[in-house]
Amino acid sequence: MDYVKLALLALVAVLAAIAANFARDMAYQLHALLIMAVAAIAFVWQLRRTGEPPVPAGAVPTGYMDGPVRAGVIATAFWGIAGFLVGVFIALQLTFPELNFDWSEGYLNFGRLRPLHTSAVIFAFGGNALIATSLYVVQRTSGVRLWGGNLAWVVFWGYQLFIVMAATGYLLGATQSKEYAEPEWYVDLFLTIIWVFYLAVFMGTLITRREKHIYVANWFYLSFIVTVAMLHVVNNLSIPVSIFGSRSIQVFSGVQDAMVQWWYGHNAVGFFLTAGFLGMMYYFVPKQANRPVYSYKLSIVHFWSLIFIYIWAGPHHLHYTALPDWASTLGMVFSVILWMPSWGGMINGLMTLQGAWDKIRTDPIIRFFVASLAFYGMSTFEGPMMSIRAVNSLSHYTEWTIGHVHSGALGWNGLIVFGAIYYLTPKLWGRSRMYSEAAMNAHFWLAMIGIVLYAASMWVAGIMQGLQWREVDQNGFLVNAFADTVGAMFPMYLVRALGGVLYLGGALIMVWNMVMTLRQPQTLATTIQPAE
């Protein structure tokens with residue numbers, strides 16, 4: 001088997017070298033050289049291990065496999081800082097256009113940094129959090145070690161390579177120009193392979209479980225993995241212009257392409273940023289509160305209703321376009337219905353604290369979780385409201401949408417990830433607790449103030465935009481030029497940037513707290529024996 005791995009790695013390195021030699025653009029050449037270097041390093045590493053005596057059957061580890069989880073927690077924190085930093089910078093670029101530097105030859109302008117920011121926060125920060133927590137939770141709730149041996153490490157490092165290729169591609173201008181799906185064809189193919197490995201590890205662990213029951217968190221994680229795979233494959237169907245270039249042509253075109261894109265885009269929110277994070281909520285909130293889930297029946301109803309309804313909601317992004325009215329109306333109706341199961345999940349999470357509400361005062365991790373659930377409830381009310389055609393006519397294409405997205409992303413997704421990191425860090429590295437509870441409290445309040453400043457400023461800016469764009473004089477002519485609206489939003493843009501700075505500051509405090517925690521002497525075991 002060792003020689004088969006060596007042969008495959010050598011083949012990948014050679015093919016990547018050939019691709020780099022015949023590359024038709026800089027992004028493709030850089031990525032080919034990157035893959036060649038990674039394959040060569042892996043070849044040398046595997047070669048050094050070849051010939052080592054096999055591990056005796058009795059010495060096979062039976063404890064939980066937490067190495068990839070630890071690496072995932074570190075990667076989550078690292079990519080979070082990177083994504084938040086770029087977000088603050090592009091917010092300042094919108095406030096002060098001079099920051100779109102002429103000397104950067106376009107590499108650091110808003111058009112290239114904006115997809116870098118969204119992908120870094122969603123797929124790098126959020127994706128690593130989902131992978132790490134899902135691998136942690138599935139082992140604990142199944143009572144077995146991760147299936148597939150070192151395949152979990154392949155998933156982790158492969159996903160980091162995907163992030164690097166996607167990010168460098170954006171800076172070099174190699175994108176499909178599809179929201180949340182910018183990476184070009186060969187990067188998409190690579191991610192598909194890594195995602196199949198991820199599904200295999202997760203499903204293999206569930207299949208080999210010792211616990212008869214599949215805990216509800218695993219249903220949410222599994223739905224996220226399977227549905228995101230389907231969305232990714234369909235939305236990224238494309239034909240490469242050349243096998244040695246990054247450029248590709250989409251299979252779908254016109255309104256069909258728009259329909260597929262927003263079926264993908266909204267369900268990326270629905271399954272990547274909602275279902276997966278609900279899996280996180282259903283495990284970590286009961287564990288930290290030391291209470292059972294408020295209603296297990298409600299969690300099952302929540303799961304199936306969310307899964308069946310969410311998949312139809314995408315067309316509400318295409319009101320007043322070439323999409324037929326019946327299709328966008330269908331999306332609107334299902335979006336409004338979606339409010340009920342979403343709030344069912346929020347209520348289930350909050351009511352899990354029944355009898356333990358005092359912990360909100362004394363436990364900063366619980367405070368992160370409760371605040372995240374509150375933002376989940378607000379976002380899942382605001383989203384269906386904004387899908388209604390009359391509201392959408394005012395809100396769409398304005399900063400209101402940006403405020404809505406960030407109240408959900410920073411509030412719901414960000415806060416629950418921070419809480420999970422604070423929960424996992426001491427346990428994974430064998431420490432009794434985080435180094436500084438005061439730092440955790442400071443992080444919480446900086447994040448909360450940052451979110452409020454960000455969302456509130458964008459709500460005001462968006463409503464102002466929508467009203468100015470539709471204002472006409474007595475003769476029916478528009479009153480405001482587009483530049484007038486941009487100028488009027490300067491104060492709100494400044495407040496938005498300040499909110500981002502505070503949120504970034506809180507995340508930096510978290511990283512400092514993690515580092516100081518890891519510097520403390522180990523006091524607890526880091527691997528727990530699975531139940532027999």
Side-chain angles (χ1 to χ4, degrees), residues 77 80-97 99 110 113-114 116-118 120-122 125-126 269 273 360 364 367-383 385-386 394-395 397-419 421 438-468 485-513:
I81 295 299
F84 303 151
L85 184 61
V86 176
V88 169
F89 184 66
I90 62 174
L92 290 170
Q93 283 184 318
L94 289 173
T95 313
F96 306 103
L99 293 175
F110 179 85
L113 290 179
R114 189 267 177 181
L116 179 68
H117 162 64
T118 54
V121 174
I122 296 172
F125 172 67
V269 173
L273 296 178
I360 297 177
R367 202 174 300 132
F368 274 100
F369 289 150
V370 169
S372 74
L373 283 166
F375 276 105
Y376 174 61
M378 288 186 284
S379 297
T380 52
F381 171 77
E382 186 183 24
M385 180 186 69
M386 293 175 70
L394 175 70
S395 70
Y397 307 119
T398 72
E399 302 292 347
W400 186 352
T401 304
I402 309 304
H404 164 63
V405 169
H406 282 78
S407 68
L410 301 179
W412 158 235
N413 301 119
L415 293 182
I416 199 168
V417 170
F418 296 148
I421 288 175
M440 295 165 69
N441 288 324
H443 178 193
F444 175 80
W445 288 112
L446 282 173
M448 286 294 293
I449 296 169
I451 296 166
V452 170
L453 289 177
Y454 193 119
S457 63
M458 290 300 96
W459 288 331
V460 172
I463 294 172
M464 182 184 70
Q465 267 182 308
L467 293 174
Q468 285 191 329
T485 306
V486 174
M489 287 191 298
F490 176 79
M492 279 69 79
Y493 277 1
L494 202 57
V495 173
R496 187 250 302 269
L498 175 61
V501 168
L502 294 176
Y503 198 86
L504 172 63
L508 289 170
I509 290 175
M510 178 191 72
V511 171
W512 171 83
N513 206 355

To the nearest 0.5 angstrom, please state how far the [atom1] atom of [X] sits from the [atom2] atom of [Y].
X	Y	atom1	atom2	answer
Trp445	Ile449	CH2	CD1	7.5 Å
Leu498	Leu92	CG	CG	10.0 Å
Asn513	Leu508	CG	CG	12.5 Å
Met458	Thr398	CE	OG1	10.0 Å
Met492	Met464	CE	CE	3.5 Å
His117	Ile122	NE2	CD1	8.0 Å

Which residues pass the ring-ring contact (aromatic ring centres under 6.0 Å, His included) test with [X], not counting sequence neighbours?
X	answer
Phe444	Phe368
Tyr397	none
Tyr503	Phe84, Phe418
Trp512	Tyr435

So which heavy atom on [X] is nearest to which on [Y], and how close?
X	Y	value
Ala120	Gly83	CB-CA, 3.7 Å
Leu415	Ser372	CB-CB, 3.8 Å
Leu394	Leu467	CD1-N, 3.6 Å
Leu446	Gly505	CD1-C, 4.2 Å
Ala455	Ser407	CB-CB, 4.0 Å
Pro364	Met440	CG-CE, 3.6 Å

Which residues pass the side-chain hydrogen bond (donor to acceptor under 3.5 Å, both in side chains) test with [X], sequence neighbours left out?
X	result
His404	Glu382
Thr485	Gln468
Glu399	Tyr493

*Between Phe375 and Trp412, does a ring-ring contact (aromatic ring centres under 6.0 Å, His included) hold up when you go through it step by step?*
CA-CA 5 Å; Phe375 276 105; Trp412 158 235; over 10 Å; no
Could you work out, with side chain to side chain contact (heavy atoms under 4.5 Å, CB included) as the rule, every residue matching [X], not counting sequence neighbours?
X	answer
Val495	Leu453, Ser457
Phe110	Ile90, Gln93, Leu94, Asn100, Arg114
Phe490	Thr95, Phe96, Leu494
Leu85	Leu504

_Residues that Arg367 engages under salt bridge (Lys or Arg N to Asp or Glu O under 4.0 Å), provided they are two or more places apart_ =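 Expected list: none.
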*Would you check if the side chain of Trp400 reaches a backbone N or O of Gln465 as a donor-acceptor pair within less than 3.5 Å?*
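No.
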*asked:* Test your reading of the model: is there a side-chain donor-acceptor pair from His406 to the backbone of Ile402, 3.5 Å cut-off?
replied: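 A pair under 3.5 Å: yes.
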